[in-house]
Trainee: 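Attaching a single structure in structure tokens format; questions to follow.
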Amino acid sequence: MDVRDRVLPDSIPHLVTQLATDARDVAKAEIALARAKAGFAVTRYKSAAIRFAIAGVLALAALIALLVGAIMALATLIGPGWATLAVVGVVLVIAGLLALSGKSALSQGATE
């Protein structure tokens, strides 16, 4: 059997055209797959972000309720004005310490 008998009868230009068409189809399919994956990821992350936002709002509401409760409990001992001042002062000190800690963490991250 001769080698020429095993060669397909298609011409070289036809095979090159078919190869280019197949490559284009594969590229289109890969782009469509990437878009589908990105769309799925965006939907998933969007849903998670909404849940985190709701959790944050509820946590803030709980913190406010806790602080109001602390003011009301202290008001019976030291009066409403001093109770408010004490609770706000403690919260501001905690906030200041957290801010300094965050600033320190940023400073260390910038020097590394």
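Predicted model only: the values in this text are computed from it and were never measured.
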Trainee: May I have all residue pairs that pass side chain to side chain donor-acceptor pair (under 3.5 Å) and include part of residues 12-22, sequence neighbours excluded?
Mentor: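 Passing the test, one end in residues 12-22: Gln18-Asp22.
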Trainee: Tell me who clusters with Val93, hydrophobic residues only, linked when side chains sit under 4.5 Å apart either directly or through other members.
Mentor: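 Answer for Val93: Leu97.
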Trainee: Would the distance check show the side chain of Ser47 and the main-chain N or O of Arg44 forming a donor-acceptor pair, the cut-off being under 3.5 Å?
Mentor: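 Not a single qualifying donor-acceptor pair exists.
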Trainee: Could you list the residues that satisfy side chain to side chain contact (heavy atoms under 4.5 Å, CB included) with Ile64, not counting sequence neighbours?
Mentor: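 Ile64: side chain to side chain contact (heavy atoms under 4.5 Å, CB included) contacts with Leu60, Val68.
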Trainee: Could you grab the distance from atom CD1 of Ile78 to atom OG1 of Thr84, nearest 0.5 Å is fine?
Mentor: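 Interatomic distance, Ile78 CD1 to Thr84 OG1, rounded to 0.5 Å: 8.5 Å.
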Trainee: Report yes or no: do Leu77 and Val90 belong to one cluster of Ile/Leu/Val/Met/Phe/Trp/Tyr joined by side chain heavy-atom distances under 4.5 Å?
Mentor: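 Shared cluster, no.
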Trainee: For Leu67, what residues pass the side chain to side chain contact (heavy atoms under 4.5 Å, CB included) criterion, not counting sequence neighbours?
Mentor: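 Here the qualifying residues are Leu63, Val87, Val91.
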Trainee: Any chance you could pull the hydrophobic cluster mates of Val16, using side-chain heavy atoms under 4.5 angstrom and chaining through other members?
Mentor: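 Members besides Val16, by chain and number: Ile12.
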Trainee: Apply side chain to side chain contact (heavy atoms under 4.5 Å, CB included) to Ala75 and list each qualifying residue two or more places apart in sequence or on a separate chain.
Mentor: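 With neighbours one apart ignored, the set is Pro80, Ala83.
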Trainee: Could you list who else is in Leu58's hydrophobic cluster, with ILVMFWY side chains joined at under 4.5 Å, directly or through other members?
Mentor: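 Leu58 clusters with Ile50, Ile54.
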Trainee: Hey, could you give me the CG/CG distance between Leu85 and Leu92, rounded to the nearest 0.5 Å?
Mentor: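 One finds 9.5 Å between CG of Leu85 and CG of Leu92.
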Trainee: List the residues meeting side chain to side chain donor-acceptor pair (under 3.5 Å) with Asp25, not counting sequence neighbours, and say none if there are none.
Mentor: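 Residues passing side chain to side chain donor-acceptor pair (under 3.5 Å) with Asp25: none at all.
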Trainee: How would you list, by chain and number, every residue that makes a side chain to side chain contact (heavy atoms under 4.5 Å, CB included) with Leu33, sequence neighbours excluded?
Mentor: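 Scan of Leu33 (side chain to side chain contact (heavy atoms under 4.5 Å, CB included), adjacent residues dropped) gives Glu30, Lys37.
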Trainee: Please write out which residues are connected to Leu100 in a hydrophobic cluster, directly or through intermediates, given that two of Ile, Leu, Val, Met, Phe, Trp, Tyr count as joined at side-chain heavy-atom separations below 4.5 angstrom.
Mentor: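 Taking Ile, Leu, Val, Met, Phe, Trp and Tyr as members, Leu100 stands alone, with no cluster partners.
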Trainee: Say you draw a straight line from CZ of Phe40 to OH of Tyr45; how long is it, rounded to the nearest 0.5 Å?
Mentor: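 One gets 9.5 Å once the value is rounded to the nearest 0.5 Å.
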